[in-house]
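Below is one structure, written out as structure tokens; the observations come after it.
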Amino acid sequence: MAIKAPKGTKDMMPEDAYKWHYIEDAFFKICDEYGFGELRTPIFEDTNLFNRGVGETTDIVQKEMYTFEDLGHRSITLKPEGTSPAVRAFIESKHFADMQPSKYCYNTPCFRYEKPQAGRLRQFHQFGIENFGASSMMADAEIIAMADDFLKRMGIDEIELHINSVGCRECRTKYRKALQDFLRPHYDELCSTCQSRFETNPMRILDCKSKDDQEIVKDAPQMVDYLCDDCRDAFEELQENLKAMDIQFKVDPKIVRGLDYYTKTAFEFVTTKIGAQGTVCGGGRYDHLIEEIGGPSMPGVGFGLGKERLLMLMEMCGSDFGKPVQPEIMIAFIGDRAKHYALNLVQYLRHNHVRAIVDTQERNLKGQMKYSNKVGVKYSIVIGDDEIESGELTLKNMETGEQTKIVKEEILDKIRRG
């Protein structure tokens, strides 16, 4: 029986890799423009990092983490998200002692055990942005502007920015009680997941995808009506900053995000093109996370963007990924003497940054030319005893059929001139 890839994972073959390279290059380009430096963290971390950072009441910690005991009897978890590891690295490196803010970006695989669906896999890949140390709503606006910029550069339309404030510890306590009082008469009508959230994390009920639960919460009290003066002022300032940057947005009281660490700003870029799970990019502010993980009391704000969902959306929007990089020239040969000459020539070309190939299957000439057509080279050269003796080579343009007599030293110039 053939061994297949584990459920919820997907291979990336060469015919798709160029699309990933395209969006990765574009992401790191915009990170450079906005002043974010790349951070790389391990694929696995101490389980306590996510228990403390993500929150023990979240679905991620309770149901979705890939956790195991290693040979040293330590509890290890494959990272389900990128922010907590970034905070851990920030603390461990003592970057908090530097002039702030510290601005990081990353491109990382993440792992969550959940039902696979369109654009949502058990191993998925995430772009992330984190700004540590900035309390101003300018930082929140910059993060959102960067996501907006990036999505537009990727050719995505029919997408909306939804923003909300989830308050701080003080005003959220009052809202939590008001929400529970509203939901209590409907408790038996809630789905089992939301019933379990009622005591531990009632705000997550607002985000439930069940149509019945959405009907229940449509008239629920809204967090924005319970904000303290500081959180209200911050939310108004964020909106003014976004308007100043000409960024369109919609205030959506049901945006709460799925992680416990968010405070004040919460936002999502939402589309209807990829089904009910339409969030492409989401993030917000987390003013206590650094302290909760063991660092100093410092604020933070950031976003995460799923690459698989982004790629699917770009394909639906007809975005231009360019073309995959192909070999430029095939060096074919007839006989052992010509084979060695071809090996020398192909290395000469590669050392001069030409994408050159030779048939390592050692097929006959007909087979080599068939292979050159398959891989899509623009030029070919056939080496035989006559070519070795005369030093004169025939460069063939595979698109036009044009043939040119040249010597070895002229190949580079001819290929570069096209």
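Numbering starts at 1 and runs along the sequence shown. Remember, it's a predicted structure, so these values are computed and weren't measured experimentally.
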Check: [X]/[Y] side-chain N/O donor and acceptor closer than 3.5 Å:
X	Y	answer
Tyr106	Glu130	yes
Ser102	Gln100	yes
Tyr34	Asp149	yes

Quick one: closest heavy-atom pair of [X] and [Y], and the distance?
X	Y	answer
Met369	Ala332	SD-CB, 4.2 Å
Phe333	Gln368	O-NE2, 2.8 Å
Ala178	Pro221	O-CG, 3.9 Å
Gly155	Cys317	O-CB, 3.7 Å
Tyr286	Tyr261	CB-O, 3.3 Å
Gln214	Ile205	NE2-O, 4.5 Å

| task | Let me see the working for Phe235 and Val224 under side-chain contact (heavy atoms from CB on, under 4.5 Å), right down to the final yes or no. | result | CA-CA 9 Å; Phe235 193 44; Val224 291; 4.0 Å; yes
From [X] [atom1] over to [Y] [atom2], what is the distance, rounded to the nearest 0.5 angstrom?
X	Y	atom1	atom2	answer
Ile381	Leu345	CD1	CG	5.5 Å
Ser319	Leu313	OG	CG	7.5 Å
Arg52	Leu289	CZ	CG	10.0 Å
Met314	Tyr22	CE	OH	5.5 Å
Ile129	Phe150	CD1	CZ	9.5 Å
Thr83	Arg88	OG1	CZ	13.0 Å

Using side-chain heavy atoms (C-beta onward) and a distance below 4.5 Å, is [X] in contact with [Y]?
X	Y	answer
Leu183	Val217	yes
Ile23	Phe127	yes
Glu399	Asn397	yes
Ile156	Leu310	yes
Phe96	Ile290	no
Ile411	Ile406	yes
Val270	Val280	no
Glu291	Met298	no

Indicate the ring-plane relationship of [X] and [Y], choosing parallel, tilted or perpendicular according to the 30° and 60° boundaries.
X	Y	answer
Phe90	His95	perpendicular
Phe321	Tyr18	perpendicular
Phe267	Phe269	perpendicular

Check: [X] side chain, [Y] main-chain N or O, donor-acceptor pair, under 3.5 Å:
X	Y	value
Ser165	Thr265	no
Thr67	Thr77	no
Glu81	Ser84	yes
Asp70	Gly72	yes
Glu402	Lys396	no
Arg355	Gln326	yes
Thr279	Cys281	no
Asn164	Pro253	yes
Arg176	Met203	no
Glu240	Glu236	no

| Are Arg363 and Tyr371 in a cation-pi contact, defined as NZ or CZ under 6.0 Å from the six-membered ring centre and within 45° of the axis? | yes
| Over-ring placement of Lys103 relative to Phe36, 6.0 Å and 45° cut-offs | yes
| task | Begin from the C-alpha positions of Tyr66 and Phe44 and carry the test ring-ring contact (aromatic ring centres under 6.0 Å, His included) through to its verdict. | result | CA-CA 9 Å; Tyr66 280 89; Phe44 57 86; over 10 Å; no
| task | Go through Asp320 and Met154 one step at a time and tell me if the side-chain contact (heavy atoms from CB on, under 4.5 Å) criterion holds. | result | CA-CA 8 Å; Asp320 182 11; Met154 295 299 96; over 6 Å; no
| said: Phe50 vs Glu45, test: side-chain contact (heavy atoms from CB on, under 4.5 Å). Steps then yes/no. | reply: CA-CA 8 Å; Phe50 303 111; Glu45 298 272 2; 3.7 Å; yes
| task | Decide yes or no on salt bridge (charged side-chain N to carboxylate O under 4.0 Å, His left out) for Asp229 and Arg232, but give the supporting numbers first. | result | CA-CA 5 Å; Asp229 290 343; Arg232 185 177 296 107; 3.3 Å; yes
| field | Met138 CE: over 12 foreign heavy atoms closer than 6.0 Å | value |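 Check fails, neighbour count at 12 or below.
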| Neighbour count >12 (heavy atoms, 6.0 Å) for atom CZ, Arg153 |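 More than 12 within 6.0 Å, yes.
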In plain terms, say whether [X] and [Y] are close enough for a salt bridge, that is, a side-chain N and a carboxylate O under 4.0 Å apart.
X	Y	result
Lys307	Glu24	yes
Asp230	Lys264	yes
Asp287	Arg285	yes
Arg416	Glu410	no

| remark: Only residue of His125, Lys79, Gln126 satisfying side-chain hydrogen bond (donor to acceptor under 3.5 Å, both in side chains) with Thr108 is Lys79
| request: Kindly say whether the aromatic ring centers of Phe198 and Tyr187 come within a distance under 6.0 Å. | output: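 Ring centroids of Phe198 and Tyr187 are less than 6.0 Å from each other.
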| message | If you apply the rule salt bridge (charged side-chain N to carboxylate O under 4.0 Å, His left out), what do you find for Glu69 with Arg74, and how did you get there? | response | CA-CA 5 Å; Glu69 187 177 275; Arg74 292 169 289 259; over 6 Å; no
| message | Test side-chain contact (heavy atoms from CB on, under 4.5 Å) on Ile43 and Leu78; report intermediate values, then the result. | response | CA-CA 6 Å; Ile43 287 179; Leu78 300 180; 4.1 Å; yes
| query | Between Glu33 and Lys29, does a salt bridge (charged side-chain N to carboxylate O under 4.0 Å, His left out) hold up when you go through it step by step? | reply | CA-CA 6 Å; Glu33 293 171 5; Lys29 183 176 188 296; 2.7 Å; yes
